[in-house]
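For reference, the structure discussed in these notes is given below.
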Amino acid sequence: MINSKDANITDDGYIEIAGWVHEIRDLGGIRFLLVRTRDDIIQVTFSKRKVSGELIEKVKTISRESVIHVKGRISKDERAPNGFEVIPNIVDILSVAESPLPLDPTDKVVAELDTRLDNRFLDMRRPKVKSIFMIRGLVVRAIRDFLYGKNFVEVTTPKIVATATEGGTALFPISYFDREAFLNQSPQLYKQILMSSGFERVLEIGPIFRAEEHSTRKHLNEATSIDVEVSYVDDSEVMKLLEELIIYIYEYINVNADKYLKTIGIDLKIPTRPFRQISYEEAIEIVDLKWGDDFGSLEEKKLGNEIGEHYFIKEWPLKLKPYYTMPLEKKGKTEILSKSFDLMHPRVELASGSQRINDYALLKKQMELRGLNPDNFSFYLDAFRYGMPPHAGWGLGLDRLVMTMLDLDNVREAVMFPRDRRRLIP
RNA sequence: GCCCGGGUGGUGUAGUGGCCUAUCAUGCGGCCCUGUCGAGGCCGCGACUCGGGUUCAAAUCCCGACCUGGGCGCCA
């Protein structure tokens with residue numbers, strides 16, 4: 001079996017590789033095939049002096065991006081790209097690629113994002129694009145690594161639900177046998193219920209769905225959310241956890257994904273701790289808003305430029321946050337604040353969280369104040385009637401995290417098969 | 001949802017009424033070439049989103065449809 005990591009090099013100096021024909025350079029008497037495996041590009045050299053005429057004839061028929069298997073001898077040679085090349089004995093053509101290709105995997109002519117997404121299978125063969133997703137996989141691994149180390153239990157909650165979670169966003173209705181149902185916008189209610197069940201520290205990595213008809217570089221209709229909920233802590237403690245996690249991820253990627261970062265051409269700067277924390281009140285002063293206003297795109301941009309690195313906005317007006325957010329009374333303030341926070345990257349919001357209300361009567365009251373009918377949420381509210389610990393948590397957008405970390409222009413670049421207002425295929 | 005752009009060979013582009021039998025790169029095919037690594041040289045192939053209109057004449061102007069990029073709103 002040929003592991004794509006990449007080559008099985010045997011003691012007698014033989015190597016076996018399988019992959020795609022990345023480029024063909026035919027100089028007449030000598031022909032170079034660059035074979036691309038998952039992580040490397042290896043040169044296979046066919047010179048008339050060292051390779052049989054029969055094999056050379058066979059190789060002439062191979063089209064770019066065909067899949068081949070090569071067995072040959074390793075030859076150290078300074079003239080070869082990585083200091084070595086393969087002098088082949090056997091070449092098997094495993095799959096012939098048609099021509100012309102819908103886009104060029106060698107980056108000579110870069111296709112537009114739309115063309116790339118239409119042909120994502122080919123687009124992801126490009127080393128730069130593949131590196132993004134290799135890193136994304138490692139980010140998820142880092143998250144699990146970090147949170148498992150802190151005794152979190154990973155859970156999965158339903159994505160098909162009967163009611164909206166928090167209001168605010170539009171939901172996708174689906175038909176569920178003879179009933180109406182929705183795709184869940186967030187695991188919020190379920191992870192809170194799990195606090196009542198005594199799991200104390202839960203982690204969920206999963207899809208969330210928003211039916212908003214926006215078309216921007218930072219929104220998707222299907223996103224991946226990293227959700228955390230913790231019992232017996234307040235908002236400041238989960239802020240600290242979030243901050244530590246972000247740093248851990250950056251450091252993990254810096255150490256474990258060096259090769260991919262180089263391929264993308266990123267010099268990863270690890271954010272400095274502690275992240276700056278500004279209150280909502282301070283933030284509106286910077287961008288010249290009135291109390292009670294939410295930040296629009298322009299304000300977000302202005303704040304980001306002003307601060308220039310990761311930061312928290314905390315102590316939001318209660319009315320700007322969902323009903324389950326814990327109110328905060330501050331001495332000398334008449335306005336009702338909340339024990340809530342957003343984690344911001346200069347470009348975009350990454351996460352938001354809060355301490356949650358764990359008192360049944362207060363929670364019910366907050367729902368009613370926002371015009372929600374508590375009867376529709378009894379599956380959730382009941383969990384607060386029989387012993388609910390105080391708890392806090394947050395949701396972090398994985399796609400945006402990867403986008404900002406790798407400085408990608410568009411969040412779609414960080415998602416293999418993005419779902420936006422127009423795109424449902426592939 | 002609102003506003004502003006754009007649709008030209010497989011890919012990426014130039015061309016904004018006649019000079020277009022449409023530019024260039026890449027690709028593909030053929031030929032030459034034994035050290036390429038953005039290989040090189042020569043020859044060839046391949047395109048104006050669709051429908052209607054204006055005009056002597058439309059890739060170019062107008063209308064509609066479809067596709068698409070960006071910004072805003074909303075949202076995370």
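Computed from a prediction, not measured in an experiment: that's the story for all the values here. A note on names: the letters A, B, ... follow the listed sequences, proteins ahead of strands, and every chain is numbered from 1.
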* **A:T106 and A:E23: side chain donor to acceptor below 3.5 Å** => no
Assigned partner base of [N], Watson-Crick or wobble definition, under 3.5 Å:
N     : value
B:G29 : B:C43
B:C19 : none
B:G5  : B:U68
B:C24 : B:G12
B:G73 : none

Taking [M] as the reference, what is the distance to [N] when you measure between their [atom1] atoms (whole Å, please)?
N     : M     : atom1 : result
B:U13 : B:U26 : C1'   : 11 Å
B:G70 : B:A58 : C1'   : 29 Å
B:G29 : B:U54 : P     : 46 Å

* Is any NZ, NE, NH1 or NH2 atom of the basic residue among A:D342 and A:K321 found under 4.0 Å from an Asp or Glu carboxylate oxygen of the other? ->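 So A:D342 pairs with A:K321 through a salt bridge.
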Name the nucleic acid region contacted by [X], choosing base, sugar-phosphate or nothing; use a 4.0 angstrom heavy-atom cut-off, strictly under.
X      : answer
A:L220 : base
A:N410 : sugar-phosphate
A:R31  : nothing
A:A223 : base
A:R421 : base
A:G296 : sugar-phosphate

Detail all sub-3.5 Å separations between protein N/O atoms and N/O atoms belonging to nucleotides 48-50 of chain B.
none

* Stepwise, does the side-chain hydrogen bond (donor to acceptor under 3.5 Å, both in side chains) test hold for A:D77 with A:S75? -> CA-CA 6 Å; A:D77 194 320; A:S75 163; 4.9 Å; no
* Asked: Can you give one letter per nucleotide of nucleotides 3-14 of chain B, going 5' to 3': B for a protein heavy atom under 4.0 Å from the base, S for sugar-phosphate only, - for none?
  -> -------SBSS-
* Structure fact -> Its contact letters, B for base, S for sugar-phosphate only and - for none at protein heavy atoms under 4.0 Å, make nucleotides 37-44 of chain B read BSB-----
* To do: Kindly say if A:S297 contacts the phosphate of B:C72, meaning a side-chain N or O under 4.0 Å from OP1 or OP2.
  =>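 Looking at the OP1 and OP2 atoms of B:C72, one of them is under 4.0 Å from a side-chain N or O of A:S297.
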Looking at the side chain of [X], which of [options] is the nearest nucleotide?
X      : options             : answer
A:R64  : B:G69, B:C28, B:G70 : B:C28
A:D77  : B:G69, B:G35, B:G73 : B:G35
A:R210 : B:G35, B:G1, B:C75  : B:C75
A:T216 : B:C75, B:C72, B:U68 : B:C72

* Confirm from the modelled atom types if A:E85 and B:G35 form a donor-acceptor pair under 3.5 Å, side chain to base only. =>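 Counting by modelled atom types and ignoring angles, a donor-acceptor contact under 3.5 Å is found here.
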